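One structure is given below, encoded as structure tokens.
FYI, side chains are in, hydrogens and waters are out, and symmetry mates aren't considered; it's all heavy atoms of this structure. We count ligands from 1, going down the list as the structure has it; atoms in each ligand are counted the same way. For clarity, every value in this text was computed on a predicted model and none was experimentally measured.
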Amino acid sequence: MRILVVEDEEGLAESLRRGLSADGHWVDIAHDGHRGLDLARTGSYDAVLLDLMLPGLSGYEICSRIRADGDPTPVLMLTAKDGEYDEAEGLDSGADDYLTKPFSFVVLAARLRALARRATAATAAAGAAGGAGTLQAGDLVLDPAGRRCRRGTHDIELTARELGVLACLMERPGTAVAKQDILDQVWDTPHTIDPNIVEVYVSSLRKKIDAPFGRRSIRTVHGTGYRMAPDGG
Ligand code: CA
């Protein structure tokens, strides 16, 4: 993979370069936010490792800007300490995952592989199905392979995780889907995560696909999870 590392701690950036190169990846490094954004915008990377606190532009800002360009490259945020990363802000910025420093290289490599696997699976599915994998509920349309979502004629930007959660629900319209089932399908290490995290993603999905349109497509099924209204709400 071609990986962009945006990290101002030069020692850490260098050890990431060494580790990732040893794993067979092609690595570029940027030590500040502006350079990081410029490189990310070349669109030539398979994944971006983005430090949160950077000189110039923050990781959040960089991520928001590349997502605003319509660039779906997987982004893994690196954060200095527990609590520094704001899950909601990360979601808004379009990050796919995050990792708190200090982290082990083995964990980082596993997370990167998972992100890449999802991206590759999406591309392969698009190639194999020719876009036939599109999911629809009324005027709500989701193309998981192309990572696109729209309501009527409005394009909606979703993060990889939001897209995964929505796909889970849209694959089974009218059926109650348990939070744990969503967790198992969308997260790589579901056993280490509180199923209630799904609520955070459903809440951010509702703000994007329902609230602006005065609709209610994702219904809460108390004690279980969620159900997609077959007519799109
Ligand atoms: Ca930093």
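At a cut-off of 3.0 Å, D51 is counted among the residues with an N, O or S atom near the Ca ion (ligand 1). Note on E9: not counted as a metal contact of the Ca ion (ligand 1), no N/O/S atom lying under 3.0 Å.
Ionic pairing of D71 and R41 is not present here: no N-O contact between side-chain nitrogen and carboxylate oxygen is shorter than 4.0 angstrom.
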Practice prompt. Test salt bridge (charged side-chain N to carboxylate O under 4.0 Å, His left out) on R150 and D155 and set out the steps.
Written response: CA-CA 4 Å; R150 66 172 203 272; D155 287 319; 5.6 Å; no
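Here D143 contributes atom CG and L135 contributes atom CG; the two are 8.5 Å apart, rounded to the nearest 0.5 Å.
Clustering ILVMFWY residues whenever any of their side-chain heavy atoms sit less than 4.5 angstrom apart, transitively, puts V221 in a cluster other than the one holding V165.
Summary: OD1 is the N/O/S atom of D8 found nearest to the Ca ion (ligand 1).
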